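Taking it in order: structure first as structure tokens, then the write-up.
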Amino acid sequence: MLSSYFVKRLPRSSSHFTKFRQLRWMHSRNKQAMEFIAKGWSALKEVDRVIDYCELNDRRLIPLLRTAKENFELALEADNSNTHARYWLSKLHLKYHVPGACKAVGAALLVEAAEMGNPDAQYELGCRLRVENEYVQSAQQAFYYLEKAVEQLHPGALYLLGAVYLTGDCVKHDMASALWCFHRAAEKGHTGAAIAYGSLLLKGVQVPESLTKFNAKRRSKAAKRIAESTLDPIEMAKEQFQIAAKAGCDLGLKWLIRIEEEEKHRLDS
């Protein structure tokens, strides 16, 4: 009786073991790909560090560019589903003077990475599709990929979509949506969004109720009481400019100095 029980249980345990082996193999494959990506990214960062001080096709950059390209290609060989490797390899083909670079290959890799859900690729593709072309109706496609990146809270996409809603370019003018996009991008440290949000607050733009409710849900009770007592557009704008200043944006620091000077002037008068 016991032997029949173990015989019945054996296929199920073996299937679990097979799944475990598959998961382990996928994990090791992804780990290997990320190691290659780290090596390639390190080489590419070194290129970015010195590229402003030399020619774009400087021969001294070629070894670093080759190292980056080879490692990104090895990452794709190790894990063909890795979107990060696709995105960085597309940037090499589209932006840098790497030996063997091909714009068509770069564009194909970028589209693939975007379709596979990589937010950086979606943002990059959306920006590139926004370029005016009388033969291609790319505005709606650009908006589609930007929205996909916004769904993953990509700060650059949030800022750009906020600007689109603010200006009414390709979509209906929507101040509430623009403020929401700027606010979320500023939370993630985007200096341009923080400056835009702070400037709109100083102009007297009303913060939408949906955004105040969203912030209220994320605060504790004590923080809510403080927020209710200090719900001042100038103070809110200062918070945004402080975000930009801490990130190294000179414009944020200039805004803070200007507000401080105006406050002193009011007190003196």
Side-chain angles (χ1 to χ4, degrees), residues 83 86-87 90-91 94-95 103 106-215 217-218 233 236-252 254-255:
T83 60
R86 267 184 171 75
Y87 168 67
S90 73
K91 288 201 74 170
L94 292 171
K95 181 180 177 182
K103 300 289 184 184
L109 287 168
L110 185 62
V111 172
E112 284 179 1
E115 291 292 340
M116 292 170 74
N118 186 284
D120 292 321
Q122 289 168 345
Y123 171 64
E124 180 84 15
L125 185 57
C127 291
R128 288 181 177 274
L129 287 172
R130 276 179 59 81
V131 177
E132 293 184 6
N133 190 332
E134 59 180 335
Y135 302 106
V136 180
Q137 299 296 326
S138 59
Q140 292 302 320
Q141 289 180 328
F143 190 73
Y144 167 80
Y145 285 110
L146 286 175
E147 279 193 317
K148 287 291 184 182
V150 165
E151 287 175 6
Q152 301 187 64
L153 299 179
H154 187 284
L158 281 164
Y159 171 65
L160 187 54
L161 191 62
V164 169
Y165 279 124
L166 182 64
T167 58
D169 183 19
C170 304
V171 295
K172 185 179 178 181
H173 172 76
D174 189 343
M175 182 59 74
S177 297
L179 288 174
W180 185 87
C181 289
F182 289 148
H183 176 77
R184 296 309 303 273
E187 282 186 331
K188 291 184 168 290
H190 195 285
T191 57
I195 295 294
Y197 189 30
S199 303
L200 290 170
L201 289 170
L202 288 180
K203 283 185 176 182
V205 174
Q206 191 70 28
V207 178
E209 187 179 355
S210 59
L211 191 54
T212 54
K213 285 182 178 179
F214 174 77
N215 290 332
K217 288 180 181 178
R218 302 172 67 187
M236 292 171 67
K238 283 173 70 175
E239 288 180 8
Q240 300 304 315
F241 296 142
Q242 284 169 358
I243 291 172
K246 286 179 182 177
C249 178
D250 293 336
L251 189 55
K254 288 178 181 178
W255 269 112

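Keep in mind that what you see is a predicted model, and the values were worked out from it rather than measured.
Taking 4.5 Å as the limit, every side-chain heavy atom of N118 sits out of range of all side-chain heavy atoms of R86. Using a 4.5 Å heavy-atom cutoff, the side chains of V207 and M236 are in contact.
If you take OG1 on T83 and CD on E115, they are separated by 12.5 Å, rounding to the nearest 0.5 Å. Rounding to the nearest 0.5 angstrom, the gap separating the CD atom in Q206 from the CG atom in L200 is 12.5 Å. Rounded to the nearest 0.5 Å, atoms CZ (R184) and CG (L161) are 13.0 Å apart. To the nearest 0.5 Å, the span separating CD on Q242 from NZ on K246 amounts to 6.0 Å. In this structure, the separation between CD on E124 and CG on L129 is 10.5 Å, given to the nearest 0.5 Å. How far NE2 of H190 is from CD1 of I243: 12.5 Å, rounded to the nearest 0.5 Å.
The nearest pair of heavy atoms linking A121 to A114 is CB-N, 3.6 Å. Residue A244 comes nearest to I195 through the heavy atom pair CB-CD1, 3.7 Å, listed as atom of the first residue, atom of the second, then distance. Heavy-atom minimum distance, A193 versus A185: CB-CB, 3.5 Å. Scanning all heavy atoms of the two residues, the minimum distance from A237 to L201 falls at N-CD1, 3.8 Å. Nearest heavy atoms, S90 versus L109: CB-CB, 3.7 Å. When every heavy atom of A149 is checked against every heavy atom of P119, the shortest pair comes out as CB-O, 3.8 Å.
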Residues R128, L94; criterion side-chain contact (heavy atoms from CB on, under 4.5 Å); working and verdict: CA-CA 11 Å; R128 288 181 177 274; L94 292 171; 3.8 Å; yes
List the steps and the verdict of side-chain contact (heavy atoms from CB on, under 4.5 Å) for Y123 and V150. CA-CA 8 Å; Y123 171 64; V150 165; over 6 Å; no
After noting the C-alpha distance and the side-chain angles of F241 and L251, does the key distance pass the side-chain contact (heavy atoms from CB on, under 4.5 Å) rule? CA-CA 8 Å; F241 296 142; L251 189 55; over 6 Å; no
side-chain contact (heavy atoms from CB on, under 4.5 Å) assessment of Y159 paired with H154: CA-CA 9 Å; Y159 171 65; H154 187 284; over 6 Å; no
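When the shell of 6.0 Å around CD of E147 is examined, it contains more than 12 heavy atoms from other residues, nucleotides or ligands.
Using cut-offs of 30° and 60° on the angle between ring planes, the pair H183 and Y197 is perpendicular.
Side chain of H173 to main chain of T167: no donor-acceptor pair is present (N/O by atom type, distance under 3.5 Å, no hydrogens or angles).
In summary, the side chains of Q122 and Y144 do not present any donor paired with an acceptor at a separation below 3.5 Å, with no hydrogens or angles considered.
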